[in-house]
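What follows is a set of notes on a single structure, which appears directly below.
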Amino acid sequence: MELADIIRGRRSIRKYEARRVEKEKLDAVAEAGLYAPNPGGRQGSKIIMLDDPALIDSIGIVNADCENRHWDVGVSSDQPSIIDDQSIRSGFYGCAALAMVCIQRERRDQVNQIGAAFVCAQNMVLRAYDLGLASVIVGRAEATFERPGMRELLDRWGLDPAYLPIVFVCLGYIRGGYPPPKARLEGRYLYVPENKK
Ligand SMILES: Cc1cc2nc3c(=O)[nH]c(=O)nc-3n(C[C@H](O)[C@H](O)[C@H](O)COP(=O)(O)O)c2cc1C
């Protein structure tokens, strides 16, 4: 697929089939994340990938509980989020695989470290779409792993204790049709021609 079509076509998907995602596809998505730009060229982020649906669901319930689910605006009508539909239990929407991008705990407040994690997530969702997978970036990772008993999971998975997850990427096969791209708001791009400087 053309990169421009991938960028325009990708949507945040919150309806997933139970079908497992092939390991090769998960590896390819993770690889795209590992190739993201990174501050100082230090490649300082790490990615954890899970594909156990029961485990993903149990973490997703904690994740949803970390959100104030009563916003004054909706997020999506065609792909309802935990804000739009209070009956959704998991913040990961029943996805079949879950990636977490992790950064160093002591640098968790540095904007470049946080930015590095999110560009990594962006690379992953674009590659996922290219591979025919649905995805959505999900927040509240720090809050999720601050809940009782959650940090032990990171130790069990073998994550360096100096690191913590900062953002999630849900992955899987879409349940239903893929939604069309959303129209872009006007006035968000300001091009300054040479004669105006
Ligand atoms: C940094 C970031 C955090 C997000 N967190 C969540 C989240 O916690 N839960 C969720 O359902 N969607 C989350 N999203 C997805 C947005 O809701 C989605 O990108 C937005 O509604 C636009 O829809 P689109 O991606 O289909 O264009 C997040 C997106 C970004 C970039």
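All ligand and atom numbering here is 1-based and tracks the order in the structure.
With a 4.5 Å cut-off on side-chain heavy atoms, L159 and C102 count as touching. Counting only heavy atoms from C-beta outward, the side chains of Y163 and I48 never approach each other to under 4.5 Å.
Within the structure, the closest approach of S76 to ligand 1 does not fall below 4.0 Å when heavy atoms are considered.
At the top of the distance list for atom 25 (O) of ligand 1, counting protein heavy atoms only, stands S12 OG, 2.6 Å. Of the protein's non-hydrogen atoms, the one nearest atom 30 (C) of ligand 1 is I137 CG2, 4.0 Å.
Ligand 1 places these atoms under 4.0 Å from at least one heavy atom of V75: 17 (O), 21 (O). Of all atoms in ligand 1, listed by their number and element, those nearer than 4.0 Å to a heavy atom of R11 are 24 (P), 26 (O), 27 (O). Atoms of ligand 1 lying under 4.0 Å from at least one heavy atom of Y93, given by number and element, are 9 (N), 10 (C), 11 (O). Less than 4.0 angstrom separates some heavy atom of F118 from each of these atoms of ligand 1: 1 (C). Atoms of ligand 1 found under 4.0 Å from any heavy atom of R10 (numbered from 1 in listed order, with element): 24 (P), 25 (O), 27 (O). Listed by atom number, the atoms of ligand 1 under 4.0 Å from R140 heavy atoms are 8 (O). Close approach of ligand 1 to V136 is summarised as follows: ligand atoms under 4.0 Å from at least one heavy atom of the residue are 12 (N), 15 (C).
Formation of a donor-acceptor pair under 3.5 Å by the R69 side chain with backbone atoms of I82 is found in this model. Judged by distance alone, the side chain of N123 and the main-chain N or O of C120 form no donor-acceptor pair under 3.5 Å. Side chain of K15 to backbone of D78: a donor-acceptor contact under 3.5 angstrom is found.
Stacking of R10 on the aromatic ring of Y129 is not recorded, the 6.0 Å distance cut-off and the 45° axial limit not both being met.
Taken together through direct or relayed side-chain contacts under 4.5 Å among Ile, Leu, Val, Met, Phe, Trp and Tyr, I7 and I13 form part of one hydrophobic cluster.
Residue contacts with ligand 1 for I82 are absent, since no atom lies close enough (heavy atoms, distance under 4.0 Å). Contacts with ligand 1 closer than 4.0 Å are made by side-chain heavy atoms of R14 only, the backbone lying farther away.
Salt bridge annotation for R151-D155: absent, with no cationic side-chain nitrogen under 4.0 angstrom from a carboxylate oxygen.
Remark: among candidates Q79, K182, Q122, the nearest residue to atom 21 (O) of ligand 1 is K182, based on non-hydrogen atoms.
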Subject >> Chi angles and distances behind the salt bridge (Lys or Arg N to Asp or Glu O under 4.0 Å) call for R14, D85 >> reply: CA-CA 11 Å; R14 304 186 182 87; D85 181 349; over 6 Å; no
